[in-house]
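All chains are named by letter (A, B, ...) in the order of the sequence lines, taking the proteins before the strands, and each is independently numbered beginning at 1. Keep in mind it's a predicted model, so treat the numbers as computed, not measured.
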Protein chains: 2
Amino acid sequence: MEDQILRLLQKKQLRNTPARRALLDIFLSKGYALSQGELEALTEDSFDRVTIYRTLKTFEEAGVVHEVLDNQSRVKYSLCQDGCGGRHHHDNHLHFKCEQCEHTYCLPNTLSPRVEVPANYEARQVQVLVTGLCEHCREEA
Amino acid sequence: MEDQILRLLQKKQLRNTPARRALLDIFLSKGYALSQGELEALTEDSFDRVTIYRTLKTFEEAGVVHEVLDNQSRVKYSLCQDGCGGRHHHDNHLHFKCEQCEHTYCLPNTLSPRVEVPANYEARQVQVLVTGLCEHCREEA
DNA sequence: GTAACTGCAAAATATTTGCATCCTT
DNA sequence: AAGGATGCAAATATTTTGCAGTTAC
C-alpha cells in the first residue's frame, strides 16, 4: 500500500508530503468517495482543513481523484481509475450512492449510457448517479 | 400566469402568500433550475433568505418543485412536470447543464436510461446530468 | 536554495434553528 | 380564532484567500 502511494505520487509528479500520503491511504483503504469533512474526521484533525481542500484540488488537477456527483450536494472525491491527467478526466463510469450508509461507490465496469438530447443541444458529458442499496446494506435489511 | 400560479397553489393545498407567488412566478418565467441564492437575487431581496429556503422546502414536500443534481454541488430546484406529490417525486427525466450560461434545464421528453448495476446492488433511482452547450449558447459560438 | 506545501487567521458563502409577529383561511 | 408563514437574530457548516513559516527536492 505504502508502495502504491509512493508510485502514484511519483507518476503524477507530486511531492511526497504527509498530507498527501495520508489522504491517499484513506482513499485506497476506504474504496468509496469522500468529502473534505469526512477526510478531516478520518485524519483525526492531523491536518488543517484548508490543507485538505487544497490537496484535493491538487489531486483533481493532477488526475489522481475526480469529483463525484452527490444528490445531497456535497462535493465528494474518488480515486481515478484509469489514466486521467491534467484536466482531462475520463472517469466515464456510473456512481452509486447507498441510501442507507450514504457511501458513494464508483462502478468501474459500467459505462455511462448514451442519452438522447434534443436537437440543438450539444451533449459533451453524461454523469449518472444511481441511488439504492449497496450490497452490504442489502444484506442487513 | 397569475391564474396558473393560483391554481397550482390551490391544487397542492398551499396558502397563497407573497413569497410563494413570487417564487412560482420566477420559476414559470425562467424555465430553468434555480438555487436559493439566485432566487434571492431575482426577488431583489424582497424576502428574507430563510423564507426562500423554507418555501423551497415546502414546495419540494408538496411536489411543486424537485431538486436538481448540479455538478458544482449547489442545490437547485425546478418545477415538477407531472403529478408529483407528497414525497413521491417521479421527475424521471434528464437534466442538462450548459457549460456556458450554467443554466440547468429539465429535458422532459427524455427518460432516464436503464442502467446495469452489479448484482447485489439494488438500484432504485437513476439521476442523469448531461453537460454541454444549450441551444442558445450554441448559436453564439 | 527555491519552489511548493502547510498552518493559521479571517472572510465569504451556504444552510439551519428558535422565537416573536403577522397573515391566510 | 388558530395554525401557518415570515422576518430577524444567531448558530453552524462549507469553501476560499492571504500571508508567513516550513519542507521536499
Exercise for review: Enter the inter-axis angle for the ends of the helix from C:dG1-D:dC25 to C:dT25-D:dA1 (five pairs per end, rounded to 10°).
Suggested key: 40°

Check your understanding: Judged by modelled atom types alone, do B:N16 and B:R21 share a side-chain donor-acceptor pair under 3.5 Å?
Key -> yes

Check your understanding: Distance only, no hydrogens: is a donor on one side chain within 3.5 Å (strictly under) of an acceptor on the other, for B:E61 and B:T58?
Key -> no

Has [X] got a side-chain N or O lying under 4.0 Å from the OP1 or OP2 atom of [N]?
X     : N      : answer
A:R49 : D:dT14 : no
B:Y53 : C:dT16 : no
B:T55 : D:dT6  : yes

Could you tell me the separation between the [atom1] atom of [X] and the [atom2] atom of [N], rounded to a whole number of Å?
X     : N      : atom1 : atom2 : answer
B:K57 : D:dG4  : NZ    : P     : 17 Å
A:K12 : C:dC5  : NZ    : P     : 16 Å
B:F59 : D:dG4  : CZ    : P     : 17 Å
A:E61 : C:dC5  : CD    : P     : 11 Å
B:Q13 : D:dG3  : CD    : P     : 17 Å
A:I52 : C:dC5  : CD1   : C1'   : 14 Å
B:D48 : C:dA14 : CG    : P     : 15 Å
B:L9  : D:dA5  : CG    : C1'   : 13 Å

Exercise for review: Find out if a path of hydrophobic residues (ILVMFWY) with successive side-chain heavy-atom gaps under 4.5 Å connects A:L34 to A:L107.
Suggested key: yes

Check your understanding: What distance do B:N71 atom CG and A:L129 atom CG have between them, rounded to the nearest 0.5 Å?
Key -> 12.5 Å

Point to revise | A:V130 backbone acceptor or donor facing A:H95 side chain under 3.5 Å | key: no

Check your understanding: Checking A:H66 side chain against A:S78 main chain: does a donor-acceptor pair fall under 3.5 Å?
Key -> yes

**Study point:** Taking every non-hydrogen atom, the tightest pair across B:K76 and B:E102
**Key:** NZ-O, 3.1 Å

Point to revise | Atom of B:C134, atom of B:C98 and distance for their closest heavy-atom approach | key: N-SG, 3.4 Å

**Study point:** B/S/- contact track for nucleotides 18-25 of chain C, protein heavy atom under 4.0 Å
**Key:** B-----BS

Check your understanding: Taking C-beta and beyond as the side chain, do A:C80 and A:V64 meet within less than 4.5 Å on heavy atoms?
Key -> no

Point to revise | Side-chain heavy-atom pair A:H136, B:N120 within 4.5 angstrom cut-off | key: no

Exercise for review: For DNA chain D, find the residues of residues 29-45 of chain B with a heavy-atom distance under 4.0 Å and give them by number; none if there aren't any.
Suggested key: none

Practice item. Assess the pair B:F59 and B:Y77: is the distance between their ring centroids shorter than 6.0 Å? Key: no

